Amino acid sequence: MPELPEAENIGRALSKFLPGRSVCRVEVFSPAMREPLTPLLTARLEGLTITDVRRRGRYLVCGLSDGRAFLMHFGMSGVVRVEPPGTPKRKHEHLFIHLSDGMIFKFECTRRFSLFKVCSIDRATGWPPELAGLGVEPLDAMFDGEFLWKASRRRSGCVKNFIMDNSVVVGIGNIYATETLFAAGISPERVAGALTRPECDRLVREAKRILLRSIEMGGSTISDFLNVDGSEGKFARELLIYGKRGGVCPVCGSAIKIVRLGGRSSFYCPKCQK
DNA sequence: AGAGATACCTGGGAGC
DNA sequence: TGCTCCCAGGTATCTC
């Protein structure tokens, strides 16, 4: 499932391919994902050139020559492909954008949690208004131990839900939150407001390390721009605790426990994580 | 304001 | 084999 590292890699690949190409025609096959796709057909995109591709959290923003942009989010199952004409349409491909060079930009989403819409760009922020309210980028220098410590004061919820809160820090989903807490030796059930300053330092350090490692691993799976997918890449092999139902801790051998937090399964080692 | 629950959606797996 | 049920996930929205 695409999380921040996947969005980063898809964005990097698309930023080498899309800018400079123009939209010839838009084809919509399904009425809705997270929002209806039909407005794309009346958005008069034909003739507009894609100017740039930027990432914010798990969103990608593709600038257009008229000052507007495409806003994309991959939900859980979003896949982007660029293919030549004649390639058979897959079952869950909901949108084709025919480009000036004949290639077709395709958006696939099995579970329809993805977002694809045309939006404006706020002059003050340089980003779509839809993205106002997002928290800091986890790889930004602003995201440090002091930031996390201050942001967590008087927060009574558990630390796992706190670091997954997109209004605090963006792009840390269930998998990376689980792995980060394991690496930092902090129980997912700890009250966020009770974290110590050194614990916040560890959390931030491990989150950055794991995200960067995952970006690096995913990068090598994108060999060309004909198949820019959102698969998990090789990092999935390096998961130490996420999804290890019935398994044991790779550090101490204790049985891995599962607790449901915020409606999501949280794997942790009761001995290594306090 | 913050926290928790719920809905959205589909495919895959378990259990009968 | 075929049916039902549950689970996975991010985000928006609702309630308390």
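As the structure is a prediction and not an experimental result, all values here were calculated from the model. The sequence lines fix the lettering, A, B, ..., with proteins before strands; numbering per chain opens at 1.
When all heavy atoms of A/Ile104 and A/Pro85 are compared, the closest pair comes out as CD1-CA, 3.8 Å.
If you check every strand for non-hydrogen atoms under 4.0 Å, A/Tyr59 touches sugar and phosphate atoms only.
In this entry the distance linking CE of A/Met164 with C1' of B/dA3 reads 14 Å, nearest Å. Across the protein-nucleic acid pair, A/Asn161 atom CG and B/dA1 atom P stand 20 Å apart, rounded to whole Å. For the pair A/Asn174 CG and C/dA8 P, the computed distance is 9 Å after rounding to whole Å. The CG atom of A/Leu261 sits 13 Å away from the P atom of B/dA3 (whole-angstrom rounding). Regarding A/Glu130, its CD atom lies at a distance of 10 Å from the P atom of C/dA12, rounded to whole Å. In this structure, the CZ atom of A/Arg154 is 9 Å from the P atom of B/dG2, given to the nearest Å. The separation between A/Asp165 atom CG and B/dG4 atom P is 11 Å, rounded to whole Å. Distance CZ (A/Phe267) to P (C/dC7): 12 Å, rounded to an integer number of Å.
Within the 4.0 Å cut-off from OP1 or OP2 of C/dA8, at least one side-chain nitrogen or oxygen of A/Arg245 is found. For the pair A/Arg260 and C/dC6, the criterion of a side-chain N or O lying under 4.0 Å from OP1 or OP2 is not met. When the side-chain nitrogen and oxygen atoms of A/Asn166 are compared with OP1 and OP2 of C/dT11, one or more of them lie within a distance under 4.0 Å. The phosphate of C/dG10 (OP1 or OP2) has no side-chain N or O of A/Arg34 nearer than 4.0 angstrom.
Using the six-membered ring where Trp is involved, A/His73 and A/Tyr59 have ring planes that are perpendicular, over 60° apart on the 30 and 60° scheme.
With hydrogens and angles ignored, the 3.5 Å screen pairs a side-chain donor or acceptor of A/Ser114 with a backbone N or O of A/Phe74.
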Study note, to complete from the structure: Protein heavy-atom contacts under 4.0 Å, written 5' to 3' over nucleotides 5-12 of chain B as B (base), S (sugar-phosphate only) or - (none), form the string ---BBBS-
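Both A/Phe116 and A/Val82 are part of a single hydrophobic cluster, where members link through side-chain heavy atoms under 4.5 Å apart.
Of the candidate nucleotides C/dG10, B/dA3, B/dG4, B/dA3 has the atom nearest to the side chain of A/Ser156.
No hydrogens or angles considered: a donor-acceptor pair under 3.5 Å links the side chains of A/Ser22 and A/Thr49.
A cation-pi arrangement is not found for A/Lys257 relative to A/Tyr268, the charged atom failing to lie both closer than 6.0 Å to the ring centre and inside a 45° cone about the ring normal.
Heavy atoms of other residues, nucleotides or ligands lying less than 6.0 angstrom from CZ of A/Arg197 number more than 12.
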